[in-house]
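We name chains A, B, ... by the order of the sequence lines, and we start the count at 1 in each one.
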Number of protein chains: 2
Amino acid sequence: MTTIRGARERARTEVTAAIKDEARRQLAAEGAAKLSLRAVARELGMVSSALYRYFPSRDDLLTALIVDAFNAVGSAAEQALATADSAGPAGPPGPVDRWTAICTAVRAWALAHPHEYALIYGSPVPGYIAPQVTVAPASRVGLALISVASDAHHAGGIALPTLSPELRPEAERLAAQFAPGLPPEVTAALVAAWAQLFGLISFEVFGQFNEVVEARDELFTQSVRRLAHEVGLLATAGPTA
Amino acid sequence: MTTIRGARERARTEVTAAIKDEARRQLAAEGAAKLSLRAVARELGMVSSALYRYFPSRDDLLTALIVDAFNAVGSAAEQALATADSAGPAGPPGPVDRWTAICTAVRAWALAHPHEYALIYGSPVPGYIAPQVTVAPASRVGLALISVASDAHHAGGIALPTLSPELRPEAERLAAQFAPGLPPEVTAALVAAWAQLFGLISFEVFGQFNEVVEARDELFTQSVRRLAHEVGLLATAGPTA
DNA sequence: CTCAAGCGAGAGCAGTGCTCTCACAAACTC
DNA sequence: GAGTTTGTGAGAGCACTGCTCTCGCTTGAG
């Protein structure tokens, strides 16, 4: 896979990585709106036009950063789930704890990288339309949440939420498309919980809780457990028990 | 109050309104990032430097638009609550219906004004710090939600949610600061529901539901009723019954 | 060894927010 | 009513921005 193809290609990947690193630095310092190609080039000791050899436009640079951010938060979620499953001193964790592990990891990543979080879960850039390459990385967190519900379901550790008749067709469509084998009651609740989870995180990251909520850890933890309950997850019963 | 002070002041308020109108038009067309003072001035037939007589900087124009947006969504919420209370063919509406009226109105406003919504509930502008004048308009939706819970509580139509011991001190602080007379169990759940409500709306407005959720009306309605239930609101019992 | 491809430098275009000075006109004072 | 203060618009200019184009140099493949 990573066969060295020559000095030129190696230099190219190195410069590409350096550009993205510097861009990420400016992103963290000033935000996406003030990300300037010229400033990146200046900091890297090259001239602005040279950057266009690596990224055809500013939006393409942003796309690369968006994909990286989605992958970062996605792998944070996946790793949190993995370590929660492995480091079990008292047996395998229950579905609620697995759910909480993912949510907590996403929140921690968001608080550690607010500008990258804003890039992917904040206001969309006006003319910018997310290219197809972003959808797979973007769905990693959602898939992790689905897997928790799916494992719990197969282990019998799930209680079906109520589902209004109006929402049932949509729930069945969602189940068929994203979580085959999961009851529609669960998938509908899952999608809602997914959005509400990011509502909690966004309000904290974007400062809406400033001067309002102080004990944010505690509020988040309680809310996430409630969301798990809404989805139907039960505190007892390990994923494979 | 609005005594006409002379032609000069009248012209000033007129021009100020025209600038904000044109800026709002550009906001709706292109988004906040592409809002250009020069373009606004061009459209209004004046020179760019003249705009600085009315708004000291681009950020000040944005602040004015932000305040207007908060007031717009706030009054939409308040009016929705008022009409829900007045137009009752079958007696006064229950707390859940009052809650749903507010949430639905906020969502409708957000979908109708996506860029203004992004301005106030999306990623914060990097260097921009919300001045004090924004906090009162910003809290109107929250206050409307609180009033629904408060009315229900005084009418005995509320069921106390569970409250973890870790969150209790914060909940009591919130109750004392924002909703005197409301039980801490309710205020904690209320704040969480507030954030989760905007999570649902933001995911829809910002396109996170694209290619995922189709029946958004139904999902929103069910989720909002669940949130009302989480806060402790009961479907029965009118606000003053 | 040759030659096309990749690359950086530089100039340049159209646009941006913002500052400054200058001239004019309205509004207030005496 | 004359004179002065104050608000206002126009214009030039500064330091930026994203982006395009051309020009040479270097590199690696044929």
[X] [atom1] to [N] [atom2], straight-line distance once rounded to whole Å:
X     : N      : atom1 : atom2 : result
B:R58 : C:dG15 : CZ    : P     : 17 Å
B:R42 : C:dG15 : CZ    : C1'   : 8 Å
B:L37 : D:dT17 : CG    : P     : 18 Å
A:K34 : C:dT16 : NZ    : C1'   : 13 Å
A:F55 : D:dG18 : CZ    : P     : 14 Å
B:R10 : C:dA27 : CZ    : C1'   : 14 Å
B:L62 : C:dG17 : CG    : C1'   : 12 Å
A:E14 : C:dC7  : CD    : P     : 13 Å

Review point. With distance as the sole test, does B:S150 use its side chain to make a donor-acceptor pair with the main-chain N or O of B:S147 at under 3.5 Å?
Key: no
Exercise for review: Determine yes or no for a side-chain-to-main-chain donor-acceptor pair under 3.5 angstrom, with B:S123 supplying the side chain and A:S123 the backbone.
Suggested key: yes
Using 0.5 Å steps for rounding, measure from the [atom1] atom of [X] to the [atom2] atom of [Y].
X      : Y      : atom1 : atom2 : value
B:T63  : B:D59  : OG1   : CG    : 6.5 Å
A:E211 : A:Q208 : CD    : CD    : 12.5 Å
A:S223 : A:R107 : OG    : CZ    : 10.0 Å
B:E230 : B:R226 : CD    : CZ    : 8.5 Å

Provide a list of protein-nucleic acid N or O atom pairs under 3.5 angstrom, restricted to nucleotides 12-14 of chain C.
from: C:dG12; atom 1: O6; to: A:R38; atom 2: NH2; distance (Å): 3.4

Listing, residues 192-203 of chain B side-chain donor-acceptor contacts under 3.5 Å, not counting sequence neighbours, or none:
from: B:Q196; atom 1: NE2; to: B:A192; atom 2: O; distance (Å): 3.3
from: B:S202; atom 1: OG; to: B:Y117; atom 2: OH; distance (Å): 2.8
from: B:S202; atom 1: OG; to: B:F198; atom 2: O; distance (Å): 2.8

Exercise for review: State, without any angle test, whether B:D60 and B:S57 hold a side-chain donor-acceptor pair at a distance under 3.5 Å.
Suggested key: yes
Review point. Across the strands shown, which category fits B:L35 at heavy-atom distances under 4.0 angstrom: base, sugar-phosphate, nothing?
Key: sugar-phosphate
With the criterion being N/O to N/O and under 3.5 Å, what pairs connect the protein with nucleotides 7-10 of chain D, and how long is each?
from: D:dT8; atom 1: OP1; to: B:R12; atom 2: NE; distance (Å): 3.2
from: D:dT8; atom 1: OP2; to: B:R12; atom 2: NE; distance (Å): 3.0
from: D:dT8; atom 1: OP2; to: B:R12; atom 2: NH2; distance (Å): 3.2
from: D:dG9; atom 1: OP1; to: B:Y54; atom 2: OH; distance (Å): 3.1
from: D:dG9; atom 1: OP2; to: B:Y54; atom 2: OH; distance (Å): 3.3
from: D:dG9; atom 1: N7; to: B:R53; atom 2: NE; distance (Å): 3.4
from: D:dG9; atom 1: O6; to: B:R53; atom 2: NH2; distance (Å): 2.5
from: D:dA10; atom 1: OP2; to: B:V47; atom 2: N; distance (Å): 2.9
from: D:dA10; atom 1: N7; to: B:S49; atom 2: OG; distance (Å): 3.3

Check your understanding: Is there side-chain contact between A:E170 and A:L167, with at least one heavy-atom pair below 4.5 Å?
Key -> yes
